[in-house]
Amino acid sequence: MDKYGYICYPEISRAIIKQQQLSNGNKTPWQDISGFVNLNIPLFIEQLSNPNTNTITFTDRGFPDLIAYLHSQKLTSPPILQNFNFKQHYHTNVFFLPTWSNIYTTDPQRQQTYTQALAIEKALIDIYTSLGFNILIVPKTTLTKRLEFIQSFI
């Protein structure tokens, strides 16, 4: 739990990419996106099964993100994602932090160029919208103001 009383889960996808890099695996978004998605699914399910239902919880990435990554590569989602009850596990409001050139950086786990990140961003917005989520675009401003924006909806 963070200092504001929320549970904030780290990005599962980043941990999987690091593990794949350390083991010379190829299940990364840029080598084998389907294999990468399949590694994410059980960990996302575990995260969503956390019994802390009375505490506001934030995740960095979710099942809709996996669908967007697959669709961006013209791939079909596995049945578990096609049939998933999103409304049971996710709030209708999604805080979306848009790609921001002033702070965008690449690293060993985020290898997309800024242009590629913008394309993924479009896929993410399209998928979340098609699934009926209300996308709340977090302003490109200071960390404090972004936190205030998010808290104004909680």
Side-chain angles (χ1 to χ4, degrees), residues 1-2 6-52 56-141 143 146-147 149-150:
M1 193 170 299
D2 73 4
Y6 308 129
I7 295 173
C8 300
Y9 287 111
E11 186 178 352
I12 289 172
S13 300
R14 182 173 277 274
I16 289 172
I17 293 168
K18 282 183 182 178
Q19 183 277 327
Q20 287 294 300
Q21 290 170 328
L22 288 172
S23 67
N24 293 318
N26 71 340
K27 291 177 178 41
T28 62
W30 52 89
Q31 292 173 296
D32 176 3
I33 187 68
S34 294
F36 174 73
V37 165
N38 289 332
L39 289 177
N40 274 267
I41 290 172
L43 298 175
F44 278 38
I45 289 171
E46 180 181 330
Q47 193 176 73
L48 291 170
S49 300
N50 188 322
N52 292 310
I56 295 173
T57 304
F58 293 93
T59 62
D60 188 336
R61 304 287 176 206
F63 278 156
D65 297 66
L66 298 179
I67 295 169
Y69 276 88
L70 288 167
H71 285 208
S72 73
Q73 299 298 312
K74 310 288 188 246
L75 298 171
T76 304
S77 302
I80 189 169
L81 297 181
Q82 293 174 18
N83 303 315
F84 192 76
N85 185 348
F86 293 95
K87 301 298 183 198
Q88 179 183 345
H89 296 283
Y90 295 106
H91 194 279
T92 303
N93 288 335
V94 172
F95 295 105
F96 191 87
L97 286 84
T99 307
W100 185 3
S101 63
N102 290 357
I103 63 171
Y104 188 82
T105 60
T106 59
D107 63 31
Q109 289 76 49
R110 181 187 294 143
Q111 297 185 5
Q112 300 99 336
T113 65
Y114 182 74
T115 302
Q116 290 169 325
L118 290 173
I120 295 289
E121 175 179 275
K122 181 183 178 339
L124 288 166
I125 290 172
D126 290 347
I127 290 298
Y128 274 95
T129 301
S130 73
L131 293 171
F133 288 97
N134 178 36
I135 299 174
L136 303 170
I137 305 289
V138 178
K140 296 176 182 178
T141 185
L143 182 58
R146 288 186 282 169
L147 177 60
F149 174 85
I150 292 169

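It should be emphasised that the depicted structure is a prediction, and the values quoted were computed from it without experimental measurement. This chain uses plain numbering: 1 for the first residue, then up along the sequence.
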Discussion item. Are more than 12 heavy atoms, taken from residues, nucleotides or ligands other than Glu46, located less than 6.0 Å from that residue's CD atom?
Written reply: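 Open.
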
Discussion item. Can you confirm whether Lys140 is buried at NZ, in the sense that more than 12 heavy atoms of other residues, nucleotides or ligands lie under 6.0 Å from that atom?
Written reply: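 Result for NZ/Lys140: enclosed.
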
Discussion item. Which residue is it: Leu75, Ile80, Leu81? I am looking for the one with a side chain to side chain contact (heavy atoms under 4.5 Å, CB included) to Ser77.
Written reply: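 Answer after filtering Leu75, Ile80, Leu81: Leu81.
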
Taking atom [atom1] of [X] and atom [atom2] of [Y], what is their separation to the nearest 0.5 Å?
X: Gln19; Y: Thr28; atom1: CD; atom2: OG1; value: 11.5 Å
X: Ile120; Y: Ile125; atom1: CD1; atom2: CD1; value: 12.0 Å
X: Ile67; Y: Thr76; atom1: CD1; atom2: OG1; value: 11.5 Å
X: Gln47; Y: Arg61; atom1: CD; atom2: CZ; value: 12.5 Å
X: Ile17; Y: Ile12; atom1: CD1; atom2: CD1; value: 12.0 Å
X: Tyr69; Y: Ile127; atom1: OH; atom2: CD1; value: 12.5 Å

Item to complete: Please work out whether the ring planes of Phe86 and Phe84 are parallel, tilted or perpendicular, with thresholds of 30° and 60°.
Response: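 Answer is perpendicular, since the angle exceeds 60°.
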
Worksheet item: In terms of ring plane angle, is the pair Phe63 and Phe44 parallel, tilted or perpendicular, where the classes change at 30° and 60°?
Response: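 Correct class here is parallel.
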
For the residue pair [X] and [Y], what are the closest heavy atoms and their distance?
X: Phe96; Y: Ile135; result: CB-CG2, 3.6 Å
X: Pro29; Y: Ile33; result: CA-CD1, 3.7 Å
X: Val138; Y: Phe95; result: CG2-CB, 4.0 Å
X: Trp30; Y: Pro108; result: CH2-O, 3.8 Å
X: Arg146; Y: Leu97; result: NH1-CD2, 3.7 Å
X: Ser72; Y: Ala123; result: CB-CB, 4.2 Å

Discussion item. Using side-chain contact (heavy atoms from CB on, under 4.5 Å), reason through Thr106 and Gln111 one step at a time and then give a plain yes or no.
Written reply: CA-CA 5 Å; Thr106 59; Gln111 297 185 5; 5.9 Å; no

Practice prompt. Taking atom types as modelled, find out whether Asn40 and Ser13 have a side-chain donor-acceptor pair closer than 3.5 angstrom.
Written response: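 The answer is yes; a qualifying pair exists.
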
Worksheet item: Should Leu39 and Gln20 count as side-chain neighbours, where that means a heavy-atom distance under 4.5 Å?
Response: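 A side-chain contact exists here, since the closest heavy-atom pair is under 4.5 Å.
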
Fill in: Within-4.5 Å side-chain heavy-atom neighbours: Leu70 and Ser34
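Contact flag for Leu70/Ser34 side chains = yes.
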
Worksheet item: Among Gln112, Gln116, Lys122, Glu121, whose side chain to side chain donor-acceptor pair (under 3.5 Å) with Thr99 holds?
Response: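 The passing option is Glu121.
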
Worksheet item: With sequence neighbours excluded, what pairs up with Lys87 under the salt bridge (Lys or Arg N to Asp or Glu O under 4.0 Å) test?
Response: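 Lys87 satisfies salt bridge (Lys or Arg N to Asp or Glu O under 4.0 Å) with no residue once adjacent residues are dropped.
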
Worksheet item: side-chain contact (heavy atoms from CB on, under 4.5 Å) between Asp126 and His71: does it pass, once the steps are laid out?
Response: CA-CA 10 Å; Asp126 290 347; His71 285 208; over 6 Å; no

Worksheet entry | Full working for side-chain contact (heavy atoms from CB on, under 4.5 Å) between Ile150 and Phe58 | CA-CA 11 Å; Ile150 292 169; Phe58 293 93; 4.0 Å; yes

Worksheet item: Where do Tyr128 and Asp65 land on the side-chain contact (heavy atoms from CB on, under 4.5 Å) test, with the steps shown first?
Response: CA-CA 8 Å; Tyr128 274 95; Asp65 297 66; 2.4 Å; yes

Worksheet item: Are Lys18 and Asp107 within salt-bridge range, i.e. N to O under 4.0 Å?
Response: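 The answer is no: the pair does not qualify as a salt bridge.
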
